Amino acid sequence: GQNIDQPTEMTATEGAIVQINCTYQTSGFNGLFWYQQHAGEAPTFLSYNVLDGLEEKGRFSSFLSRSKGYSYLLLKELQMKDSASYLCAVLPYQKVTFGIGTKLQVIP
Amino acid sequence: GAVVSQHPSWVICKSGTSVKIECRSLDFQATTMFWYRQFPKQSLMLMATSNEGSKATYEQGVEKDKFLINHASLTLSTLTVTSAHPEDSSFYICSAVTSTSTDTQYFGPGTRLTVL
């Protein structure tokens with residue numbers, strides 16, 4: 001089966017850096033996604049990691065360690081608009097499995 | 001690129017009626033579309049995988065006779081909630097994959113269904 005763990009809530013200050021962790025246990029692995037979801041809206045794609053290492057895209061970076069079943073999303077220079085839920089999703093074979101998401105609140 | 005739209009964005013209906021939700025890929029052809037349901041404070045739950053020109057594959061526990069899925073073209077999939085009941089009230093989201101990037105899903109904006 002599939003199991004994805006993320007912290008349910010986090011709070012960080014505007015301008016700071018925050019790291020959202022995700023651990024997973026899946027039967028098979030073909031990639032890990034991070035999505036951002038604002039309240040009442042559908043998720044938007046942030047990143048996709050299939051190999052170990054760090055992928056940087058502007059203020060957002062995502063790291064993957066397949067041997068540890070571990071990923072993190074790093075958000076730099078936090079802005080108020082970054083307040084949202086961040087979903088870690090794993091692609092075992094063909095069907096993506098989503099974690100419950102981490103609700104990030106950015107405070108002034 | 002890779003824009004997905006849904007219609008309607010929200011709908012309120014009476015118990016026992018049927019509701020159709022459309023999912024369109026606007027600037028690409030989507031051989032595969034996915035339908036998700038999300039209850040408040042919960043993650044997305046995959047309901048079914050829809051492939052153009054063939055029957056949808058439903059996840060365990062999802063009633064295929066209640067949630068009718070049609071994928072008649074490469075740019076349109078529809079989900080019909082038949083005989084809706086209040087417990088069907090949820091946020092329904094579709095996603096699509098492109099032929100060149102079959103792993104990355106692009107989500108529609110979602111449809112909020114409220115059944116009275």
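The structure presented is a predicted model; accordingly, all values stated were derived computationally and were not measured. Below, chains carry the letters A, B, ... as their sequence lines are ordered, and counting in each starts from 1. Just so you know, these numbers use all the heavy atoms, side chains as well, and skip hydrogens, waters and symmetry mates.
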Bottom line for Ile100(A): the part with an atom under 4.5 Å from chain B's heavy atoms is both

I'd like to know if Leu68(B) and Leu113(B) are part of one continuous hydrophobic network [Ile/Leu/Val/Met/Phe/Trp/Tyr, side-chain heavy atoms within less than 4.5 Å].
no

Go through the structure and list residues passing side-chain contact (heavy atoms from CB on, under 4.5 Å) with Thr44(A), not counting sequence neighbours.
Gln36(A)

Donor-acceptor contacts under 3.5 Å from residues 32-40 of chain B side chains, at least two apart:
residue  : atom : partner   : partner atom : Å
Thr32(B) : OG1  : Asn51(B)  : OD1          : 2.8
Trp35(B) : NE1  : Ser77(B)  : OG           : 3.0
Tyr36(B) : OH   : Gln105(B) : OE1          : 2.9
Tyr36(B) : OH   : Gln105(B) : NE2          : 3.2
Gln38(B) : OE1  : Gln37(A)  : NE2          : 2.7
Gln38(B) : NE2  : Gln37(A)  : OE1          : 3.1
Gln38(B) : NE2  : Gln42(B)  : O            : 2.9

Count the heavy-atom pairs under 4.5 Å between each of Gly108(B), Ser9(B), Pro109(B) and chain A, then report the option with the highest count.
Pro109(B)

Report whether Leu64(A) and Tyr72(A) are members of the same hydrophobic cluster (ILVMFWY, side-chain heavy atoms less than 4.5 Å apart, transitive linking).
no

Just wondering, more than 12 heavy atoms not from Met45(B) lying within 6.0 Å of its CE?
no

Which residues pass the ring pair (Phe, Tyr, Trp, His ring centres under 6.0 Å) test with Phe60(A), not counting sequence neighbours?
none

Write out, in numerical order, the residues from residues 86-95 of chain B with a heavy atom short of 4.5 Å from a heavy atom in chain A.
Phe91(B), Ile93(B)

Can you check whether Phe45(A) reaches Phe107(B) side chain to side chain, under 4.5 Å on heavy atoms?
no

Cluster link Leu74(B) to Val3(B), ILVMFWY, side chain under 4.5 Å:
no

Tell me the closest heavy-atom pair linking Gly110(B) and Ala42(A), and the distance in Å.
N-CB, 4.2 Å

Joint hydrophobic cluster, Tyr70(A) plus Tyr24(A), side-chain heavy atoms closer than 4.5 Å:
no

